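One structure is given below, encoded as structure tokens.
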Amino acid sequence: MLSFESDYIQGAHGKILERLVETNLEPESGYGNDRFCAQAKEKIREACGCPEADVFFLVGGTQTNLVMVDAFLRQHEGVAAAKTGHVSIHEAGAIERTGHKVLELPEQRGKLDPRELTEYLEKFWQDENYEHMVFPGMVYLTHPTEYGTLYTKKELEEISGICHKYKIPLYLDGARLGYGLASRETDVTLSLIARCCDAFYIGGTKVGALCGEAVVFPQGNMPPHFLTLVKQRGALLAKGRLLGIQFDTLFTDELYLTISRHAIEMAELLKEVLREKGIAFFLESPTNQQFVILENGRMEELKKQAAFSFWEKLDETHTIVRFVTSWATRREDIEKLREIL
């Protein structure tokens, strides 16, 4: 069966598997204190243009988000996020489990609007009863968003300026960051993200790795005892080399961007096929996630030959579904989908 269900349905890029096999019997210290992690960190610093950055490898996105929120916030603080943000709807309450509230804000095509963020923060601090409320202690963004949309350079700089004004950190979830950087419609770079954010992570799980995310603290501002906090949250991998090898490979010869560009090329071809077949788009996405509207009967028939993700009900007879391309999507897969449609 064809599958456009997600970007982590295959294992890992072949070059990563080769490196894992080649280095399998080499003894290395645990918990990220190995030469592979050290090499990967240097390559990530160079790619981000921040030589003083702290870099830490974690296993998955949910673990990373909950650790980062807990590391940055004090007990009385919450994290401001778009109501469609991953921490708001798809973390199974992991953030709230740390004791911190997700402060949901309106979203515009999956994004936080700088003006609405400013309005929210102004109202909070103008409220004479603010000491009885959950303080906004940080701002959370996803790039690309859950709807495959992207922040612009101007938007990121504006949100960063707002966070600096209110002295709260800006944290960016980059689970699919490669696909955002590779988009044909973006003016955002890794170095820009490093300048605008207090911390962000470069997603590996969804961009060619077996597992793993690389957290970057651009100004060398990793919180004290961060490793201990990671371990308390059950997110520290003893065989940290497995993460180091993967990111060392992804950031050698620009493999990370190369495979991300392939996914974007496949997404553009996918859009051509969907439009050719008269399928309506829910919104325009410049990345590897495409959201379309299917009549329920057609959707059920298509399910028999191709996998895709339910997103939400549009009305009684139509459903919004998601098709996703990845580093592993083949042109023949999309041609086969054209035949089926």
Side-chain angles (χ1 to χ4, degrees), residues 4-8 61-62 64-65 68-69 79-92 94-95 102-120 136 138-160 162-163 170-188 192-193 196-197 200-203 205-207 213 260 263-264 267-268 270-271 274 280-293 308-314 319-326:
F4 296 92
E5 188 175 3
S6 191
D7 34 24
Y8 50 92
T62 297
T64 301
N65 285 334
M68 294 300 291
V69 168
V79 52
K83 67 179 183 180
T84 53
H86 207 269
V87 292
S88 302
I89 56 173
H90 285 151
E91 303 275 40
I95 305 305
V102 177
L103 305 167
E104 293 188 339
L105 275 65
E107 54 85 25
Q108 306 295 333
R109 289 164 47 90
K111 300 192 292 185
L112 276 183
D113 185 287
R115 291 168 298 180
E116 291 178 335
L117 176 61
T118 297
E119 181 181 354
Y120 168 76
M138 66 185 292
V139 171
Y140 166 94
L141 306 179
T142 46
H143 183 84
T145 70
E146 283 67 29
Y147 283 95
T149 53
L150 296 171
Y151 287 92
T152 64
K153 177 177 183 289
K154 183 175 182 290
E155 288 169 334
L156 279 182
E157 289 176 338
E158 287 181 1
I159 293 172
S160 177
I162 294 165
C163 290
L170 175 60
Y171 166 60
L172 185 144
D173 176 334
R176 293 186 167 94
L177 185 55
Y179 305 126
L181 297 173
S183 172
R184 300 173 182 178
E185 300 179 25
T186 190
D187 59 356
V188 170
L192 173 73
I193 291 171
C196 290
C197 298
F200 63 96
Y201 82 82
I202 301 168
T205 301
K206 296 175 180 176
V207 193
E213 329 297 339
S260 297
I264 297 301
E268 293 299 321
L270 174 64
K271 284 195 277 190
L274 294 171
F281 283 74
F282 176 63
L283 50 72
E284 287 294 324
S285 164
T287 61
N288 68 317
Q289 299 182 86
Q290 300 300 319
F291 297 84
V292 299
I293 301 168
F308 46 88
S309 297
F310 166 86
W311 204 250
E312 60 185 90
K313 284 287 185 182
L314 183 65
T319 300
I320 300 168
V321 302
R322 184 186 70 170
F323 286 77
V324 185
T325 60
S326 78

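This is a predicted model, so every value here is computed, not measured. FYI, the numbering just counts along the sequence from 1.
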Quiz prompt | Pair F323 + F308: ring centers closer than 6.0 Å | solution = yes
What I'd like to find out is whether the side chain of [X] reaches to under 4.5 Å of the side chain of [Y], using heavy atoms alone.
| X | Y | value |
| --- | --- | --- |
| L177 | I193 | yes |
| D113 | P106 | no |
| D7 | R176 | yes |
| Y140 | L112 | no |
| Q108 | E116 | yes |

Closest non-hydrogen atom pair, [X] against [Y]:
| X | Y | result |
| --- | --- | --- |
| T287 | G148 | OG1-O, 2.7 Å |
| L150 | P286 | CD1-CG, 3.7 Å |
| T145 | R109 | OG1-O, 3.8 Å |
| S88 | V102 | OG-CG1, 3.4 Å |
| A267 | T325 | CB-OG1, 3.5 Å |
| L117 | V139 | CD1-CG2, 4.1 Å |

What's the spacing between [X] [atom1] and [Y] [atom2] if we round to 0.5 Å?
| X | Y | atom1 | atom2 | answer |
| --- | --- | --- | --- | --- |
| L156 | K111 | CG | NZ | 9.0 Å |
| T84 | H90 | OG1 | NE2 | 10.0 Å |
| L170 | C196 | CG | SG | 7.5 Å |
| I159 | L141 | CD1 | CG | 5.0 Å |
| Q290 | F4 | CD | CZ | 11.5 Å |
| H86 | T142 | NE2 | OG1 | 8.5 Å |

Exercise. Output every pair passing salt bridge (Lys or Arg N to Asp or Glu O under 4.0 Å) with a member in residues 178-187, not counting sequence neighbours, ordered by first then second residue.
Key: none
Self-check item: S285 and K271: CA distance, side-chain angles, deciding distance, side chain to side chain contact (heavy atoms under 4.5 Å, CB included) verdict
Solution: CA-CA 10 Å; S285 164; K271 284 195 277 190; 6.0 Å; no
Practice problem: With K206 as the cation and Y179 as the aromatic partner, state whether NZ or CZ is under 6.0 Å from the six-membered ring centre and within 45° of the axis. | Solution: no
Quiz prompt | Any residue meeting side-chain hydrogen bond (donor to acceptor under 3.5 Å, both in side chains) with K154, in chain and number order, not counting sequence neighbours | solution = E158
Exercise. Spell out, as yes or no, whether a donor-acceptor pair under 3.5 Å connects the side chain of H143 to the backbone of Y151.
Key: yes
Exercise. Carefully, step by step, assess E5 and V324 under the rule side chain to side chain contact (heavy atoms under 4.5 Å, CB included).
Key: CA-CA 6 Å; E5 188 175 3; V324 185; over 6 Å; no
Exercise. Decide yes or no on side chain to side chain contact (heavy atoms under 4.5 Å, CB included) for Y120 and L103, but give the supporting numbers first.
Key: CA-CA 10 Å; Y120 168 76; L103 305 167; 3.3 Å; yes
Exercise. Check whether more than 12 heavy atoms from other residues, nucleotides or ligands sit under 6.0 Å from atom NZ of K313, and answer yes or no.
Key: yes
Self-check item: Greater than 12 external heavy atoms within 6.0 Å of Y201's OH
Solution: yes
Quiz item: Between S260 and L181, is a side chain to side chain contact (heavy atoms under 4.5 Å, CB included) present by the stated rule, with each step listed?
Solution: CA-CA 8 Å; S260 297; L181 297 173; over 6 Å; no
Exercise. Could you check whether the rings of W311 and F291 sit parallel, tilted or perpendicular, using 30° and 60° as the cut-offs?
Key: perpendicular
Practice problem: Applying side-chain hydrogen bond (donor to acceptor under 3.5 Å, both in side chains) between E213 and each of T62, N65, T205, T64, report the one that passes. | Solution: T205
